[in-house]
Participant: 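Pasting a structure below so you can have a look.
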Amino acid sequence: MRGLREQVALLRGGEVSSEELVGEALRRIEEGRELGAFRVVREGALGEARLADKRLREGERLPLLGVPVAIKDDTDLAGETTPFAVGGRHPVAVKDAEVVRKLRAAGAVVVGKTTTCEIGLWPFSESSTGCARNPWDVRYSPGGSSGGSAAAVAAGMVAGAVGSDGAGSIRIPAAWTGLVGIKPQRGRVSGYPHTDPFYGLTVWGPLARSVGDAALLLDVLSGSHPEDVYRLDAPVSSFEEAARVEPRRLRVAVSFKMAFGSGARLDPQIRAAVERVARRLTALGHKVFPADPDYGFVGLGLVPRGTAGVADWVDGMVEGVFEPRTLVEARIGRVLGRRLLPLAKRLEPGLQRRVGRIFRYADVVLTPTTARLPFEVGAFDGAGWRKTQSASAAACPYAWPWNVLGWPGVNVPAGLSEEGLPIGAQLLGHDSDEATLISLAAQLEAVEKWTERRPG
């Protein structure tokens, strides 16, 4: 599957039709059914592709006109249900979510909704509604909770997909499938009809093979809805343009520190991969040095928001059939999370000041994206809340603090393990500084050439 920008150029030049590209995507999805990347595949996408071809012939030009893309199954698509991996009966959405509206306004053709885990809770994408597998080795998970979106892009079913990230759910699967995944600044991309998704933790963003493609998709998705709790009202400059601009000499702090209470152990292969990326950045002329953010009690900003958000989803699904571990998380949210939400919000400015001190002497923070390599598929079948929660926290302690802070982060591929599984490194930025991260990631891509690495 050719990249988003290449597809746009070919469509505009008349060298390929949208019907051909969408048909190819649908064939690849069918041929790769064992990956379980999609819960819903839209055969009606072919009709939309024919309409896109007509618009192209008439001279219309839009950022993604005629290009096939995928969305995560936590996102409303008119005419489809939004079970968010929960079993049972669910109403059909009557309106597109704002993310889908923006994709359609840019001319994209949504070919389907991708597999996730129940209410996005875990770093795998398995539930009663489907099981996503890693294209690099089907015995392993592509991660979660945007694992289906990551699997679809890594396998070449689509060149770009949308995920959501409440505690690393874009960056973790990007790390485990060798992709670029961008968690934007809170408020950059609207989650409407969810006006305050997971109370400020969750944002929607792109997964793609290249930085430029991810940046193009982020340009399309960016923008607030009037009812959003968090809005970025300033005009957004082009992130795709940022991917073409050489970054200035940056100060990069390399950190392996984990936020309080994670109980994790970093895999030596991941440490070595991140250290290699640090050396590459030094060779590119950046000032790279060890330094740790002062996380303080950042976990107090995560637990109330996350558990209360799960409780909201569970309480809103009248006919949902839930896993026992999800019900435990929802019970914690009702009993504890909702009561502590005011405290979590009051703590946020102080946490931002405390962690933000590192940006007095650094422009970017480089960390591992995860502490371990992907889980095997089925590793948590039938597991209770305590086992799943503790293992998930130990595997993925590096991503979630930036959700609490609301700041942007980008996963970049950092190489392969001895087992041939992808490893990710994380570029973390200060408030609203996606452009710096994207520019630096694109510079890395030019020398790392990760777009040439594909699943065997």
Participant: Going by distance alone, is a donor N or O of one side chain under 3.5 Å from an acceptor N or O of the other, for Arg39 and Thr81?
Facilitator: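 Yes, a side-chain donor-acceptor pair sits under 3.5 Å.
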Participant: Is any side-chain heavy atom of Val298 closer than 4.5 Å to a side-chain heavy atom of Arg354?
Facilitator: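 No, side chains not in contact.
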Participant: In terms of heavy-atom contacts, does CZ of Arg12 have more than 12 from other residues, nucleotides or ligands at under 6.0 Å?
Facilitator: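 For Arg12, atom CZ is crowded (more than 12 foreign heavy atoms under 6.0 Å).
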Participant: Going by distance alone, is a donor N or O of one side chain under 3.5 Å from an acceptor N or O of the other, for Asp53 and Ser18?
Facilitator: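 No, no side-chain donor-acceptor contact under 3.5 Å.
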Participant: So, for Gly309 and Tyr199, which heavy atoms are closest and what is the spacing to 0.1 Å?
Facilitator: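 That closest heavy-atom pairing would be N-CE1, 3.9 Å.
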Participant: May I ask you to decide if the ring planes of Tyr192 and His225 are parallel, tilted or perpendicular, using 30° and 60° as cut-offs?
Facilitator: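 Judged by the thresholds at 30° and 60°, the geometry between Tyr192 and His225 is parallel.
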Participant: Ignoring hydrogens and angles, tell me if any N or O in the side chain of Arg334 forms a donor-acceptor pair with the backbone of Ala311 under 3.5 Å.
Facilitator: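 The answer is no, because no donor-acceptor pair under 3.5 Å joins these two groups.
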Participant: Return yes when atom CZ of Arg339 has more than 12 non-hydrogen atoms of other residues, nucleotides or ligands closer than 6.0 Å, and no otherwise.
Facilitator: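 Open: at most 12 neighbouring heavy atoms sit under 6.0 Å from CZ of Arg339.
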Participant: Taking the side chain as everything from C-beta on, heavy atoms only, tell me whether Ile119 gets closer than 4.5 Å to Phe198.
Facilitator: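 Yes, their side chains come closer than 4.5 Å.
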Participant: Name the one of Ser432, Pro184, Ser222 that satisfies side chain to side chain contact (heavy atoms under 4.5 Å, CB included) with Leu232?
Facilitator: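 In the set Ser432, Pro184, Ser222, the residue that makes a side chain to side chain contact (heavy atoms under 4.5 Å, CB included) with Leu232 is Ser432.
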Participant: Going from CG on Leu64 to CZ on Arg104, what distance comes out if it is rounded to the nearest 0.5 angstrom?
Facilitator: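 CZ of Arg104 is found 13.5 Å from CG of Leu64.
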Participant: Would you say that Val211 contacts Ile438 through its side chain, given a criterion of any heavy-atom pair below 4.5 Å between the two side chains?
Facilitator: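 Val211 vs Ile438: side chains touch.
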Participant: Can you tell me how far CD of Glu126 sits from CZ of Phe380, rounded to the nearest 0.5 angstrom?
Facilitator: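 The CZ atom of Phe380 sits 9.0 Å away from the CD atom of Glu126.
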Participant: Going by the angle between their ring planes, with limits at 30° and 60°, are Trp407 and Phe359 parallel, tilted or perpendicular?
Facilitator: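 It falls in the perpendicular class, over 60°.
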Participant: Strictly below 4.0 Å, N to O, side chains only: are Glu348 and Lys345 in salt-bridge contact?
Facilitator: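 Looking at Lys345 together with Glu348, the answer is no, because their closest N to O distance does not fall below 4.0 Å.
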Participant: Can you list the steps and then say if Val277 with Leu444 is a side chain to side chain contact (heavy atoms under 4.5 Å, CB included)?
Facilitator: CA-CA 9 Å; Val277 171; Leu444 262 176; 4.0 Å; yes
Participant: Any sub-3.5 Å donor-acceptor pair from Trp402's side-chain atoms to Gly429's backbone N or O?
Facilitator: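 Answer holds: yes.
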Participant: Sort out for me which residue in Val314, Val310, Thr326 forms a side chain to side chain contact (heavy atoms under 4.5 Å, CB included) with Glu118.
Facilitator: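 Exactly one pass, corresponding to Thr326.
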Participant: If I compare all heavy atoms of Ser224 with all of Gly187, which pair ends up nearest, and what's the gap?
Facilitator: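 For Ser224 and Gly187, the tightest heavy-atom pair comes out as OG-O, 3.2 Å.
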Participant: Report the distance from atom CD of Glu20 to atom CG of Leu10, rounding to the nearest 0.5 Å.
Facilitator: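 Between Glu20 CD and Leu10 CG, I get 10.0 Å after rounding to 0.5 Å.
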Participant: Do you know the tightest heavy-atom contact between Thr82 and Ala93?
Facilitator: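 It is OG1-CB, 4.5 Å.
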Participant: Do the side chains of Glu98 and Trp204 get nearer than 4.5 Å, heavy atoms only?
Facilitator: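 In short, these two side chains do not touch, never coming nearer than 4.5 Å.
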Participant: Knowing that exactly one of Leu440, Val364, Leu366 qualifies, which makes a side chain to side chain contact (heavy atoms under 4.5 Å, CB included) with His286?
Facilitator: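 When side chain to side chain contact (heavy atoms under 4.5 Å, CB included) is applied between His286 and each of Leu440, Val364, Leu366, only Leu440 qualifies.
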Participant: For the residue pair Pro63 and Val220, what are the closest heavy atoms and their distance?
Facilitator: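 Closest heavy-atom pair between Pro63 and Val220: CB-CG2, 3.9 Å.
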Participant: Roughly how far apart are Lys54 NZ and Ser17 OG, rounded to 0.5 Å?
Facilitator: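 Rounded to the nearest 0.5 Å, the NZ-OG separation comes to 15.5 Å.
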Participant: State, without any angle test, whether Thr370 and Trp176 hold a side-chain donor-acceptor pair at a distance under 3.5 Å.
Facilitator: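 Present: a donor and an acceptor within the cut-off.
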Participant: Is any side-chain heavy atom of Lys95 less than 4.5 Å from a side-chain heavy atom of Asp76?
Facilitator: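 Heavy-atom side-chain distance check fails, nothing below 4.5 Å.
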Participant: Quick one: pull up OG1 in Thr367 and CE in Met258 and give me the separation to the nearest 0.5 Å.
Facilitator: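 If I round to the nearest 0.5 Å, the distance is 10.0 Å.
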Participant: Quiz question: by atom type and distance under 3.5 Å, do the side chains of Ser149 and Lys72 form a donor-acceptor pair?
Facilitator: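 Note: Ser149 and Lys72 side chains miss the donor-acceptor criterion.
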Participant: Are any of the side-chain heavy atoms of Val189 and Val203 separated by less than 4.5 Å?
Facilitator: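 A side-chain contact is absent here, since even the closest heavy-atom pair is not under 4.5 Å.
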Participant: Between the side chain of Arg231 and the main-chain N/O of Pro226, is any donor-acceptor distance below 3.5 Å?
Facilitator: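 A pair under 3.5 Å: yes.
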Participant: Test side chain to side chain contact (heavy atoms under 4.5 Å, CB included) on Thr129 and Thr115; report intermediate values, then the result.
Facilitator: CA-CA 8 Å; Thr129 67; Thr115 306; 5.5 Å; no
Participant: So do Val410 and Val180 actually touch side chain to side chain, heavy atoms under 4.5 Å?
Facilitator: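 Yes, at least one pair of side-chain atoms sits under 4.5 Å.
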Participant: Got a salt bridge between Glu329 and Arg325, using NZ or NE/NH1/NH2 to carboxylate O under 4.0 Å?
Facilitator: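 Answer for the salt bridge query: no.
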Participant: Between Ser210 and Arg5, do the side chains contain an N or O donor and an N or O acceptor separated by less than 3.5 Å?
Facilitator: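 The criterion, which ignores hydrogens and geometry beyond distance, is satisfied for Arg5 and Ser210.
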Participant: Taking all non-hydrogen atoms of both residues, which atom of Gly144 and which atom of Ser125 are closest, and how far apart?
Facilitator: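 Looks like CA-OG, 3.6 Å.
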Participant: Kindly compute the distance separating CG (Leu427) from OG1 (Thr369), expressed to the nearest 0.5 Å.
Facilitator: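 Going from the CG atom of Leu427 to the OG1 atom of Thr369 covers 8.0 Å.
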Participant: Angle class for the Trp313/Phe84 ring planes (parallel below 30°, perpendicular above 60°, tilted otherwise)?
Facilitator: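 Ring orientation, 0 to 90° scale: perpendicular.
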Participant: Between Asp96, Asp74, Asp73, which is the residue that forms a salt bridge (Lys or Arg N to Asp or Glu O under 4.0 Å) with Lys113?
Facilitator: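 It is Asp73; the other options fail the test.
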Participant: Answer yes or no: is there a donor N or O on one side and an acceptor on the other, between the side chain of Ser146 and the main chain of Ser169, under 3.5 Å?
Facilitator: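 Checked: pair present.
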Participant: Are the side chains of Ser164 and Thr75 in touch, meaning some heavy atoms are under 4.5 Å apart?
Facilitator: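 When only atoms from C-beta onward are counted, Thr75 and Ser164 do not touch, as no gap falls below 4.5 Å.
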Participant: Show your working on side chain to side chain contact (heavy atoms under 4.5 Å, CB included) between Leu221 and Leu103 and close with a plain yes or no.
Facilitator: CA-CA 7 Å; Leu221 297 173; Leu103 288 170; 4.0 Å; yes
Participant: Please report the shortest heavy-atom distance between Leu351 and Val404, naming the atom on each side.
Facilitator: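 Distance-wise, the nearest heavy atoms are CD1-CG1, 4.3 Å.
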